[in-house]
Amino acid sequence: MRTNQPQTIYLSEYQVPAYLVDHVDLRFELFEDGARVHSTLAMRRNPESAQGDVPLELDGDSLTLEGVALDGEQLEAGAYEDQGDKLIVRGVPGQFELSVVTWIEPQSNTRLEGLYKSSGMFCTQCEAEGFRSITFYPDRPDVMARFRTRIEADQNAYPILLSNGNPIEQGSLDNGRHFVTWEDPFPKPAYLFALVAGDLVEKRDTFTTCSGRAIDLRIYVEPRNAEKCDFAMDALKRSMRWDEEVYGREYDLDIFMIVAVDDFNMGAMENKGLNIFNSSCVLASQDTATDAAFQRIEAIVAHEYFHNWSGNRVTCRDWFQLSLKEGFTVFRDSQFSADMGSPTVKRIEDVTLLRTAQFAEDAGPMAHPVRPASYMEISNFYTLTIYEKGAEVVRMIHNLLGDELFRKGSDLYFERHDGQAVTTDDFVRAMEDASGRDLGQFRLWYEQAGTPVLTVSDHYDNSRGVYRLNVRQSIPDTPGQSNKKPQHIPFAVGLLNGAGQSLPLNLSAREQGGPTERVLELTEAEHSFEFHGLAERPVPSLLQGFSAPVRVQYPWSREQLLFLMSHDPDGFNRWDAGQRLAVDVIQALIKAPDDAEVEPRLVEAYRQLLNDTSLDQALVAKMLLLPSEAYLVELAERADVPAIHAARKRVLSHLAASLRDDLLACYQRHLVPGEYQLTSDAIAQRSLRNTALAWLLHLDDEQGRELALELFHNADNMTDRLGALRALVNSGFEDDRNHALEAFYERFRDDPQVVELWFSVQASSDQAGQLAQIRQLLEHPAFDWKNPNKVRSVVGVFAGQNLAAFHNPDGSGYQFLADQVCRLDDSNPQIAARLVSPLTRWKKFAPHYSGQMKAALERIRDKSELSGDVYEVVHKSLAD
Ligand code: TRP
Ligand code: ZN
């Protein structure tokens, strides 16, 4: 068991730094057995600090200290104190230069934070607190400094040496070594520092900014990946143009670089001028990347690029403000993706993630506000709440202010705070000041955790022609928070008449010809709205476009949902009506006897979707997807996963059997010849085909099997090939499944990204992903415990997506996960802590399951030398 419990850090205890850094001079000597880091900091006492003459404290982690000098004088051992996680120097003057030499071992760094090696190259990951494992430093985002970085390494092994900013000097050294010096003119926090040294090829392009400056764009990859950069480069240029046009943001340095690395804890990192990407989030080709991967790459390239303003030029004061940069930047990248493809589809995808995973987080033991009040390990707070709910909060401000005032607000924010480290409150204030709106109550979205529930009821007064909507809001208790105040919620609504037409929304008897959509602003615990001049009882279209991250409860009849599925003018709500109907049908079957009928109107609605070619096919492709098991679990009171799995499967089988001919026709209709394209139409067609195929194979249909085999062997792109593979793997055709898996692996074994897809297809399959098979995947030569992508694609996918196998009633899935978490905790605690997640919501499951999940958590808790990362998640999950 862990003896030293990690400390809790509180927002309320924030103090400005006692010392500031004006300039950092770094020299890295990179060797095969380690690296020596020489750092010289130009520092001074912070005039804003009330702390006075306190000792200088620098953060450190796993460093070997080789020397300390103050203003050029080597300090005696007694003049400073090396406490391991702190270097303390007493009696420093008001302004001084501190030099520190440290020795580190990137070769044995498996945590992948700080400086480490990935496939032979040196690279860094400093957010949030990795810089302290490179050298002693005031490692907090409100200390911003100008960096100069000199890198020295063997010329042959590491011809490419990169850091932030512009290269200012380079040359050769003795013993076959060379150096490059980089200078970054923009002051930045240490978390944005980056260094790369390796044998990489460079893909170049240029971008001319709105003011006519030519920017040198470079993507660095290992030679074998040279042909997989074009899409990311194009996405980068489109992002740069978009940020100029939509936010008026021009790029500031002369060079912008992206580097792909295989071993990376997260998706990518926005280091100033030198973004570092997980290979899977940048490399793509038609043969190896699915449509989903292309879209993910586009979004992440944009996300990291957009950080240059929302994150780097204006950064966070402290890590409680993380959503200042992450929520805003996710909002920006989602606007970008919407502009590049289908806005409705993008909204559906974002909301699916939010409602399935963020709502679950917000209802579980790790629930926290968008601006948390405390944390133990900041890396546990890179959450869906910070990112996705944070983006929803910015989206609501956008909806409340409208396009123009929102832009005025963002301009003011960037102008007012350029070069500063600020808070979410500063962001909201800029929006208020630019718009004249009072967002006082709105700020509760940052402070209160939990997903608000809107309970909607209605009444139609026939004699007056008045329709009344009553909305009650309540916010559930979350750890440490109860009795919450009502929030300011933008609630977009429309009303439809029986013919499916949108009605004018007149909020008083005098008003006439009102708009057909309105954003009602809920501010009270109970709010009523009256709509006048209505000749019949309307059908309400509630929360159009998902205008706020809330749960809506309204007693929809199946009749109404079917009506909305085909008539709601809001594409998002059309999809949502279909989801609600399918959820209702599946939930009813969970409780019903085995021979209960599947709602025939659902079948007919799907038949219509499949056959009506006048509908937006991108929307149809989304509407055909049944709600996921994870979403059904999220909606359940106490989930019985095998029962949910069985009921969902029954609906799927019934739909597939009833619609067999329609599916075959749909499959053929969307077999479009010609070149592979990434338009939203082409993506929708592939998605429809893959759905049709998956359903046919779900029936073990012979014709479907032939189509799948033919597609598997002849597809000219990975979306289709993987779709066919997935359909075969999830079918009962065991021989075909095994042959296809083998052939696929042989063909792509040298491509790590495709091998990860191959792992995840198996790990997510209830046919091919039972525990014994998962254990075999862990023994596979391509599996690597040191590579987070591999761990995620087997262990993460099994526990997060293969719910029926993971929640095996014998508890073996839970034991397995606990074992893997303990194993990873020693090498990579950040990844280990993320893997715990499926166990944390143990209270959500039926008693037979929750007891065993809890026991698995207790086993992890009792592991010796548990990391602070896993400690926090496990202890919060077990607390009541
Ligand atoms: N700031 C990164 C982003 O764009 C997140 C990130 C990348 C990160 N690597 C990390 C966070 C490692 C914590 C640890 O969202
Ligand atoms: Zn980010």
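Order of appearance sets the numbers: ligands from 1, and atoms from 1 within every ligand.
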Problem - Identity and separation of the nearest protein heavy atom to atom 5 (C) of ligand 1 - result: Y387 OH, 3.3 Å
Handout entry: Under 4.0 Å to a heavy atom of M269 - the qualifying atoms of ligand 1, by number
Key = 1 (N), 2 (C), 7 (C)
Problem - Whether A268 lies under 4.0 Å from ligand 1, heavy atom - result: yes
Exercise for the section: Could you list the atoms of ligand 1 found under 4.0 angstrom from a heavy atom of Q830? Expected result: 14 (C)
Problem - R111 and its side chain to side chain contact (heavy atoms under 4.5 Å, CB included) partner, picked from S867, S827, S62, S379 - result: S62
Handout entry: Side chain to side chain, Q107 and Y116, heavy atoms closer than 4.5 Å
Key = no
Exercise for the section: Identify, by atom number and element, the atoms of ligand 1 in contact range of H303, meaning under 4.0 Å from any of its heavy atoms. Expected result: 3 (C), 4 (O), 15 (O)
Handout entry: Close side-chain approach of R834 and D869, heavy atoms under 4.5 Å
Key = no
Practice task
Identify, with sequence neighbours excluded, every residue that meets ring pair (Phe, Tyr, Trp, His ring centres under 6.0 Å) alongside F320.
Solution key: Y375
Problem - Apex the Zn ion (ligand 2) - arms NE2 from H303 and NE2 from H307 - angle rounded to 10° - result: 100°
Exercise for the section: Please confirm whether K325 comes under 4.0 Å of ligand 1, counting heavy atoms of the residue only. Expected result: yes
Handout entry: Any side-chain donor near an acceptor of the partner, N828 and T110, under 3.5 Å
Key = no
Problem - ligand 1 N/O within reach of Y382 N/O, cut-off under 3.5 Å - result: no
Exercise for the section: Confirm or rule out an N/O/S atom of E270, from backbone or side chain, lying less than 2.8 Å from the Zn ion (ligand 2). Expected result: no
Practice task
Specify whether H398 and F331 have parallel, tilted or perpendicular ring planes, treating 30° as the upper limit for parallel and 60° as the lower limit for perpendicular.
Solution key: tilted
Practice task
State whether the shortest distance between N or O atoms of Q125 and N or O atoms of ligand 1 falls below 3.5 angstrom.
Solution key: yes
Handout entry: Where at least one partner belongs to residues 250-260, residue pairs that pass salt bridge (charged side-chain N to carboxylate O under 4.0 Å, His left out), sequence neighbours excluded
Key = R213-E250, R213-D254, D252-K272, D252-R313
Completion exercise
Looking at E326, the N, O or S atom sitting nearest the Zn ion (ligand 2) is OE1
Practice task
Please work out whether any backbone atom (N, CA, C, O) or any side-chain heavy atom from C-beta onward of M266 is under 4.0 Å from ligand 1, and answer side chain, backbone, both or neither.
Solution key: side chain
Handout entry: N or O pair under 3.5 Å between E326 and ligand 1
Key = yes
Practice task
Decide if the gap between the ring center of W309 and the ring center of Y247 is smaller than 6.0 angstrom.
Solution key: no
Practice task
Please identify which atoms of ligand 1 are closer than 4.0 Å to at least one heavy atom of E127.
Solution key: 1 (N), 2 (C), 5 (C), 12 (C), 13 (C), 14 (C)
Fill in the blank from the handout: Within 4.0 Å of some non-hydrogen atom of E304, the atoms of ligand 1 are 3 (C), 4 (O)
Exercise for the section: Please indicate whether any nitrogen or oxygen in E270 is less than 3.5 Å from any nitrogen or oxygen in ligand 1. Expected result: yes
Practice task
Mind telling me whether Y305 and F256 have parallel, tilted or perpendicular rings, with 30° and 60° as the class edges?
Solution key: perpendicular
Exercise for the section: Test F414 against F427 for ring-ring contact (aromatic ring centres under 6.0 Å, His included), laying out the working first. Expected result: CA-CA 9 Å; F414 288 126; F427 179 81; 8.4 Å; no
